[in-house]
Engineer: 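Submitted below is the structure of interest, expressed as structure tokens.
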Amino acid sequence: MNRELSAAHITDPELAASYRECRRLNAMHGRTYFFATRLLQPRQRPAVHALYGFARYADDIVDEPDPSTGTEGVRAALTELGDALQAGLATGRTDHPLLAAVVDTAARYSIATPLFTDFLHSMHMDLTVTDYPTRADLQRYVYGSAEVIGLQVLPVLETVCDQEEAAPAAAALGEAFQLTNFLRDVAEDLQRDRVYLPADELADFGVDRELLEWCAQYRTVDSRVRRALIEQIAFTRSVYDRARPGIAMLHPRSRPCVATALSLYGGILERIEALDYNVFAGRARVGTPRRLGLAAKAVTGTAFARVATSPAHTMRRPA
């Protein structure tokens with residue numbers, strides 16, 4: 001990572017250590033995100049690692065607490081994290097070993113503080129909300145847990161238009177990724193007593209929490225659940241369709257990264273279909289051959305973008 005830190009002009013030892021910790025979390029937990037991030041320019045990568053590392057760190061406070069920590073203890077830890085971040089964003093610095101990189105990234109790229117506040121609000125929701133009656137209810141959670149991350153990353157990726165114009169597509173991409181996670185992780189979420197699918201839309205197919213728990217117990221998929229998942233996947237693909245035009249709004253050097261992430265996450269939906277929608281027997285994953293194929297294509301695209309945007313290439317030839 002030294003090359004990335006050097007490219008981003010990050011020289012302070014403690015700050016560099018914070019960025020390294022964020023990168024470690026990204027590499028350990030976010031296979032798809034980390035893979036795609038490798039396609040960015042080295043100077044961009046530390047910021048993406050910082051933003052993802054923060055999201056992962058907060059998420060782990062909620063989903064991977066110490067067994068001896070109750071709900072109130074988790075809430076206190078989240079509140080402490082939020083207070084430390086708010087103080088750091090207000091002053092421009094913090095001694096927190098992970099938040100230092102986040103605060104530095106927010107300052108470098110002028111990332112709005114409410115985007116972090118809204119994210120932490122959704123993390124707090126996970127402590128009390130276990131079901132979402134409607135799509136609108138779920139959307140309130142998804143905005144804070146996922147859409148804001150797309151908006152946080154947007155200044156790092158840079159755009160060829162006003163960022164406000166690209167913002168809806170960036171938010172939609174975060175939403176699409178999150179909805180894909182919900183579909184892939186139905187069984188895992190049930191173990192945490194949560195269902196991230198709109199109850200009224202499931203009910204249209206005769207599906208409720210009890211039936212989902214039965215499917216998870218027997219690692220099989222009921223025909224009613226299968227029909228409901230078909231509908232949920234169709235909706236999720238419509239969100240990808242809203243996100244896809246945003247790729248052309250990004251700086252050319254950032255497009256291969258986002259296009260690859262979109263293809264990989266979209267591939268998870270295809271894997272769910274290939275498994276006959278049985279998301280209860282194991283996690284749907286995109287295979288290594290497809291990953292490598294996308295990597296080769298993306299590397300070619302990155303190299304082309306580097307040449308196309310270089311001063312020598314864009315210089316007008318003499319008459």
Side-chain angles (χ1 to χ4, degrees), residues 29-33 55-56 59-65 67 71 74 122-147 174-241 262-288 290-291:
H29 292 290
R31 290 181 60 200
T32 299
Y33 288 123
R56 186 73 255 178
D59 195 58
D60 282 350
I61 289 176
V62 177
D63 288 346
E64 306 293 340
T71 300
V74 174
S122 284
M123 294 301 97
H124 276 279
M125 288 177 66
D126 275 332
L127 301 180
T128 56
V129 181
T130 58
D131 297 271
Y132 293 87
T134 68
R135 175 70 60 182
D137 295 315
L138 181 63
Q139 186 60 36
R140 282 189 283 272
Y141 173 81
V142 170
Y143 173 76
S145 67
E147 290 186 33
E175 178 186 358
F177 289 168
Q178 182 73 295
L179 295 179
T180 301
N181 286 338
F182 292 160
L183 290 165
R184 180 192 63 191
D185 298 336
V186 173
E188 183 178 323
D189 291 331
L190 279 169
Q191 292 176 357
R192 297 188 173 107
D193 194 33
R194 301 182 202 139
V195 176
Y196 292 108
L197 302 174
D200 61 340
E201 295 178 17
L202 296 180
D204 289 342
F205 297 90
V207 177
D208 56 16
R209 175 186 278 265
E210 183 179 2
L211 182 55
L212 292 175
E213 290 174 341
W214 181 88
C215 291
Q217 179 181 354
Y218 293 100
R219 296 171 61 84
T220 190
V221 59
D222 180 271
S223 60
R224 291 166 290 180
V225 175
R226 183 183 293 108
R227 290 195 295 272
L229 291 178
I230 290 172
E231 186 72 14
Q232 292 298 311
I233 286 176
F235 178 84
T236 302
R237 285 198 169 117
S238 74
V239 181
Y240 277 104
D241 288 341
L262 190 151
S263 295
L264 286 172
Y265 255 87
I268 293 173
L269 299 179
E270 295 172 12
R271 284 298 301 152
I272 292 173
E273 292 169 332
L275 295 170
D276 197 27
Y277 305 92
N278 189 358
V279 294
F280 306 96
R283 174 174 275 204
R285 300 183 185 276
V286 176
T288 299
R290 178 165 182 175
R291 284 176 175 272

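The structure displayed is predicted, hence computed values, not measured ones.
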Engineer: Is there a side-chain contact between Asp208 and Leu202 (heavy atoms, below 4.5 Å)?
Structural biologist: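 They are not in side-chain contact.
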Engineer: Which atom pair, heavy atoms only, marks the closest approach of Val207 to Ala228?
Structural biologist: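 That closest heavy-atom pairing would be CG2-CB, 4.1 Å.
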Engineer: Taking C-beta and beyond as the side chain, do Arg184 and Arg285 meet within less than 4.5 Å on heavy atoms?
Structural biologist: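 When only atoms from C-beta onward are counted, Arg285 and Arg184 do not touch, as no gap falls below 4.5 Å.
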Engineer: Look at the side chain of Thr236 and the backbone N and O of Ala176, then say whether any donor-acceptor pair between them is shorter than 3.5 Å.
Structural biologist: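 Not at all, since once roles are kept as given, no pair shorter than 3.5 Å links the two residues.
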Engineer: Which pair of non-hydrogen atoms, one from Ser145 and one from Ser122, has the smallest distance, and what is that distance?
Structural biologist: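 Nearest heavy atoms, Ser145 then Ser122: N-OG, 3.4 Å.
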Engineer: Write down the atom of Phe280, the atom of Leu212, and the distance for their closest heavy-atom approach.
Structural biologist: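 Residues Phe280 and Leu212, closest heavy atoms: CE2-O, 3.7 Å.
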Engineer: With a 4.5 Å limit on heavy-atom distance, are the side chains of Phe182 and Gln232 in contact?
Structural biologist: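 SC-SC contact between Phe182 and Gln232 ruled out.
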Engineer: Roughly how far apart are Arg227 CZ and Glu231 CD, rounded to 0.5 Å?
Structural biologist: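 That separation rounds to 11.5 Å.
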Engineer: Taking NZ, NE, NH1 and NH2 as the nitrogens, is one of them in Arg56 or Asp60 under 4.0 Å from a carboxylate oxygen of the other?
Structural biologist: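 Answer for the salt bridge query: yes.
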Engineer: Side chains of Asp137 and Thr134 only: does a donor on one sit below 3.5 Å from an acceptor on the other?
Structural biologist: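 Per modelled atom types, Asp137 and Thr134 side chains form a pair under 3.5 Å.
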Engineer: Looking at every non-hydrogen atom in both residues, tell me the closest pair between Arg224 and Phe205 and how far apart they are.
Structural biologist: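 Smallest heavy-atom distance, with atoms named: CB-O, 3.3 Å.
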Engineer: Looking only at heavy atoms, what is the nearest atom pair of Gly174 and Ala146, with distance?
Structural biologist: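 Closest approach of Gly174 to Ala146: O-CB, 3.2 Å.
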Engineer: Indicate yes or no: at least one non-hydrogen side-chain atom of Ile61 is less than 4.5 angstrom from one of Met123.
Structural biologist: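 Of all side-chain heavy-atom pairs linking Met123 with Ile61, none is under 4.5 Å.
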Engineer: Within a strict 4.5 Å, meaning less than it, do heavy atoms of the Thr130 and Arg209 side chains meet?
Structural biologist: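 Yes. Closest side-chain heavy atoms under 4.5 Å.
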Engineer: Salt-bridge test for Arg194 and Asp63: reply yes if a basic N is under 4.0 Å from a carboxylate O, no otherwise.
Structural biologist: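 Judged by the 4.0 Å cut-off on N to carboxylate O distance, Arg194 and Asp63 do form a salt bridge.
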Engineer: With a 4.0 Å cut-off, would you call Glu64 and Arg192 a salt bridge?
Structural biologist: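 Here Glu64 pairs with Arg192 in a salt bridge, since their nearest N and O are under 4.0 Å apart.
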Engineer: Give, for atom CG of Asp193 and atom CG of Asp131, the distance between the pair rounded to the nearest 0.5 Å.
Structural biologist: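 Separation between the atoms: 7.5 Å.
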Engineer: For Phe235 and Glu175, which heavy atoms make the closest approach, and how far apart are they?
Structural biologist: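 Heavy-atom minimum between the residues: CE2-OE2, 4.3 Å.
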Engineer: Tell me which one of Leu183, Val225, Leu138 satisfies side-chain contact (heavy atoms from CB on, under 4.5 Å) with Leu197.
Structural biologist: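 Considering Leu183, Val225, Leu138, a side-chain contact (heavy atoms from CB on, under 4.5 Å) with Leu197 is found only for Leu183.
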Engineer: Measure the shortest side-chain to side-chain distance between Tyr196 and Val129 over non-hydrogen atoms and say whether it is less than 4.5 angstrom.
Structural biologist: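 No; the side chains remain at least 4.5 Å from each other.
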Engineer: Under a 4.5 Å cut-off applied to non-hydrogen side-chain atoms, are Pro198 and Tyr132 in contact?
Structural biologist: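 Heavy-atom side-chain distance check fails, nothing below 4.5 Å.
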Engineer: Do Tyr240 and Thr180 come close enough that some side-chain heavy atom pair is under 4.5 Å?
Structural biologist: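 Side-chain contact under 4.5 Å: yes.
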